[in-house]
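Reading through the C-alpha cells given below for one structure.
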Amino acid sequence: MNFALEKRISEAARTAIEELYGGEVKAEMVQLQETRAEFEGQLTLVVFPFLKMSRKRPEDTAQEIGERLLEKIPDVVSRFNVIKGFLNLSINPQQWIGLLEQIWQDPTFGFVPVTETSPLVMIEYSSPNTNKPLHLGHVRNNLLGWALAQVMQANGNRVVKTNIVNDRGIHICKSMLAWLKWGQGETPETSGKKGDHLIGDYYVAFDKHYREEVKNLVEQGMDEETAKQEAPLIKEAHEMLVKWEKNDPEVRALWRKMNEWVYAGFDETYKALGVSFDKIYYESETYLEGKEKVEEGLQKGLFYRREDGSVWADLRPEGLDEKLLLRADGTSVYMTQDIGTAKLRFQDYPIDKMIYVVGNEQNYHFQVLSILLDKLGFKWGKDLVHFSYGMVELPNGKMKSREGTVVDADDLIATMVADARQMSADKVNKLENITENEAQEIARVVGMGALKYFILKVDARKNMLFNPEESIDFNGNTGPFIQYTYARIRSILRKADEQGIVPQKLTTCELSDKEISLVQHLQGFAAAVRQAGQDYNPSCIANYCYELVKEYNQFYHDFSVLREEDEAKRAFRLALSAAVSQVVRNGMGLLGIEVPERM
RNA sequence: GGUUCGGUAGCUCAGUUGGAUUAGAGCAGCAGCCUUCUAAGCUGCGGGUCAAGGGUUCGAGCCCCUUCCGAAUCACCA
C-alpha cells in the first residue's frame, strides 16, 4: 500500500502551517481531498480548520500556505490556485507516473498481507435448515458471507469460514413424516429432483395436510390454538422428534438418509454460488453442548432456576428482558444451542473475533447472545459482530415459503445464466472463434456476475427489493458492465502482447486530466478495501469498482491506447489499463465475482 | 408501548472522518455517436423542499433534539 504522495504533502502542509502561524497542527486537521473537476489541480487542501491559527481571511491563509508548499516540495507541487478556503494543488505529472508504476507492479495492491500472527476471524454464514431448498434470502446471506470473508482477509486477518447446519428439530421431522406417508419410496434418483427440492416438497405437503386437519378441527368447534397442537399430524411429528432424541435407529436412519439428499442438493447450489466453508458444524452434534455451559453459569449464580425447573437469565439490568435458556423438561432452546456452538468453536480455534452473518430479524437474539457469552467468559463474546442484513422483499411483500412466494435459488441462477446467454447471442458484435463450451462458460460468469453484483452493491443492512418480473439488468450499474470493461482491457493487452509493445517501465510524459484522475482512483482501492473491512460493508467495494470502471470507459472512449504514437504515452496508457484491469479483478474477486477474458 | 434499523429523482440505489453557489449514478423517457483498441459502451436533455421542524458552526443529506412514516423484534420457533 502506498500513500506516500499524500503523506508527503500532508506532512509538508503541517510543518508549513506550524512555521507560518505557530502552534501545533494535528494530523486530522489536514484534510486533503481530490480537487473537483471544475477547478484546476488534483489535490485540494481545506484551510478552514487553520483560520483560528492564522487569524486571516481564508483566501489569504490559503495563499500563504500554497506559497510555502511551493518552496518546500517543488518536486511535488508545481502550481496552486486558491478559491475561497480551498487550496488547489497541481501535482507534478512525474508523481502520478511513479504512483501508477507502483500500483501496476504490485499484484496485491490494496491488500494487507496475512501472516501466522494475524488476528483470527471466524465468520459464520449460510446456516440453512435442512427441510427446504435455498431461496433468494439465503443467496443474499451466502454472497454477503463470502464477500465479507474475502474483505476481512484482504484486511490482514486469518479467516475461518464456518456454517452451522440446522439439521435437527421439528421441521425435519415434518418432512420425514410426509415422506413416509406419501412418498412411496421416492428418491432424488427416481424423481429426478435435487434432494433439497425433494425434501422441500414434502415439507410443503406436510404443511398442506396439517392445515387441512386444523381447519377441520376448527369447524368441529375447537379453537384454533388448541387445534394447532392437537392435529394428529403435528402430534405424530412430535413423537418422531422424541424418538429421534432417544436415538431410535429407524428414525435416525431415515433422518440420515434424507439429510444426505439435502446436502447433495445444497452442495450444487453452493458450488454454483461459488461459496465454500472451512468448517461445518451440525446442530445435531452441538445442541447438547450448551446445557453444560448453562449449568456452569447456574452454579456461578449468573442464571437462576424457576420452580418449574426452567433456567433463565435475567437481563433486565442490561435493559433487556428475562431470557429462557433451558425448558422445564431440560431440553435446550435456540439460545442454548448457540452457546454450545460457541463453546465448540472456541475449543477448535483460537478465535479473536467472531462474526455472525444472520438476518436482521435476529438482532435481539444476538444482543442477548453477546451478553451471555461475555458473562460466561468468552473473551470475544462482548465484541461479537452480528453482521445484520436486511430482508429481500418482493413487489407484493416478503417472501413466504408457505404462500409459495419464494424465489428459488437454483431457478434464479439458471435464469440468470440463460439470460446472459441470450444477451450475448443478441449482440450485434458477436465474438468470433468461440466454442460452445466457452460461450456457456462466459454466460455462467456473466449471469452470476449480474446476480451477485445486484445483491452486493446494496448496503447490506437495508432491505432490498427484487422484482422477478423485471429480470436483473446487464446494462448500467451492473456486474456485466464492470466485466465488460475488464474484457475490453484484456483485449487491448492481448493485442499489445501480439505487437510486442508491452512496457517494462514508464518514463515521463504529459498526462491528461482523465489519466491523472484514473491514477487517483486506482490509489483509492486501498482505502475502499480498508473501509469495507472497518465497516463490514462489501458494498463499498462494489461501488468503488463501478466508479473506477465508469471513469475508465470515458478514458477508453476519448483516448486511444494502441494507436498512440508517443511511446511514453502509449506505455503509460498500457500500464494504466493493466492496473485498472488488475484492480477490477481483485475488487470483483473480493465480492466473489469472476471476470471474463472475453464477452 | 420498549428496543434496533431505515426514509435521498417516477423506480432501484450511491453519497467515505461534516466541505466548494449546481446533492450523484443506473433503470424508465427523449435526442445523438459504431469503415477507428469489444456500442453489455460514450455524450446530451428532462426529472429533488435529501420525510418535517428546530439546534450545533465558517459550512449539515451526514452530528444533536423533537415529530411523522416504514421495517424488524420484544415466544418454552429456529
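Please read these numbers as outputs of a predicted model, since none were measured by experiment. Convention: sequence-line order gives letters A, B, ...; per-chain numbering from 1.
Using a 3.5 Å distance cut-off with no hydrogens or angles, the side chains of A:Ser512 and A:Glu515 do pair a donor with an acceptor. A:Gln422 and A:Asp426 form a side-chain donor-acceptor contact under 3.5 Å, judged by distance and modelled atom types alone.
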Give every donor-acceptor pair under 3.5 Å between a side-chain atom in residues 318-327 of chain A and any protein atom, sequence neighbours left out.
unit_1, atom_1, unit_2, atom_2, d
A:Glu322, OE2, A:Tyr304, OH, 2.3
A:Arg327, NH1, A:Thr331, OG1, 2.9
A:Arg327, NH1, A:Ser332, O, 3.2

Only distances under 3.5 Å count here; give the side-chain donor-acceptor pairs of residues 489-500 of chain A to other protein atoms, sequence neighbours excluded, each with its distance to 0.1 Å.
unit_1, atom_1, unit_2, atom_2, d
A:Arg490, NE, A:Glu597, OE1, 2.7
A:Arg490, NH2, A:Glu597, OE1, 3.3
A:Arg494, NH1, A:Glu597, O, 3.4

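Applying the side chain to side chain donor-acceptor pair (under 3.5 Å) criterion to A:Glu564, with sequence neighbours excluded, gives A:Arg573. Partners of A:Ser284 under the side chain to side chain donor-acceptor pair (under 3.5 Å) rule, at least two apart in sequence or in another chain, are A:Asp167. Remark: A:Asp314 engages A:Arg316 in a salt bridge (Lys or Arg N to Asp or Glu O under 4.0 Å) (not counting sequence neighbours).
Regarding A:Tyr556, its OH atom lies at a distance of 10 Å from the C1' atom of B:A39, rounded to whole Å. The separation between A:Phe474 atom CZ and B:A40 atom C1' is 9 Å, rounded to whole Å. Between A:Ile371 atom CD1 and B:U3 atom C1' there is a gap of 12 Å when expressed in whole angstrom units. The CG atom of A:Leu431 sits 10 Å away from the P atom of B:A40 (whole-angstrom rounding). At whole-Å resolution of the value, CD in A:Glu551 and P in B:C42 are 12 Å apart. Whole-Å rounding puts the A:Leu456 CG to B:U12 C1' distance at 16 Å. Atom-to-atom, CG of A:Asn537 to C1' of B:G15 comes out at 12 Å; the value is rounded to the nearest Å. In this entry the distance linking NZ of A:Lys550 with P of B:G15 reads 17 Å, nearest Å.
Ring centroid separation for the pair A:Tyr546 and A:Phe481 comes in under the 6.0 Å cut-off. Taking the six-membered ring for Trp and the full ring otherwise, the centers of A:Phe555 and A:Tyr552 sit less than 6.0 Å from each other.
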Which pairs, protein N/O on one side and nucleotides 20-24 of chain B N/O on the other, fall under 3.5 Å?
unit_1, atom_1, unit_2, atom_2, d
B:A20, OP2, A:Arg36, NH2, 2.5
B:A20, N6, A:Thr44, OG1, 2.8
B:A20, N6, A:Asn88, OD1, 3.3
B:A20, N1, A:Asn88, OD1, 3.2
B:U21, OP1, A:Lys84, NZ, 3.2

Got a list of protein N/O to nucleotides 30-35 of chain B N/O distances below 3.5 Å?
none

Any protein N or O atoms within reach of nucleotides 73-78 of chain B? Criterion: under 3.5 Å, listing atom names and distances.
unit_1, atom_1, unit_2, atom_2, d
B:C74, O2', A:Asp321, OD2, 2.7
B:C76, N4, A:Asp308, OD2, 2.7
B:C77, OP2, A:Arg327, NH2, 2.9
B:A78, OP1, A:Arg327, NH2, 3.2
B:A78, OP2, A:Tyr334, N, 3.4
B:A78, O3', A:Asn166, OD1, 3.4
B:A78, O3', A:Asn166, ND2, 3.0
B:A78, O3', A:Glu283, OE1, 3.2
B:A78, O3', A:Glu283, OE2, 3.4
B:A78, O2', A:Asn166, ND2, 2.5

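Rounded to the nearest 0.5 Å, atoms CZ (A:Phe366) and NE2 (A:His386) are 5.0 Å apart.
One C1' atom belongs to B:U56, the other to B:C11, and the distance between them is 36 Å to the nearest Å. If you take atom P in B:C45 and the same atom in B:U67, they sit 43 Å apart, rounded to whole Å.
The side chain of A:Gln554 sits closest to B:U43 out of B:U43, B:G7, B:U38. Checking B:A14, B:A25, B:U38 against every side-chain atom of A:Asn543, the shortest atom distance belongs to B:A14.
Comparing A:Ser424 and A:Arg461 along RNA chain B, the residue whose closest nucleotide (by nearest heavy atom) sits nearer the 5' end is A:Arg461. Nearest-nucleotide positions on RNA chain B place A:Thr478 closer to the 5' end than the other of A:Thr478 and A:Glu393.
Listed in residue order, the members of residues 442-455 of chain A having a heavy atom less than 4.0 Å from RNA chain B are A:Val446.
Below 30°, between 30° and 60°, or above 60°: for A:Phe466 and A:Phe454 the angle between ring planes is above 60°, a perpendicular geometry.
Within the structure, every pair that satisfies the salt bridge (Lys or Arg N to Asp or Glu O under 4.0 Å) test and touches residues 441-455 of chain A, not counting sequence neighbours, is listed here: A:Glu441-A:Arg444, A:Arg444-A:Glu594.
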**Q.** Per-nucleotide pairing state of RNA chain B [Watson-Crick or G-U, under 3.5 Å; [ ] pseudoknot-crossing; | other strand]
**A.** (((((((..((((.....[....)))).(((((.......))))).....(((((..]....))))))))))))....
Q. How does each nucleotide of nucleotides 55-61 of chain B score, in 5' to 3' order, for protein heavy atoms under 4.0 Å: base (B), sugar-phosphate only (S), or none (-)?
A. ---B---
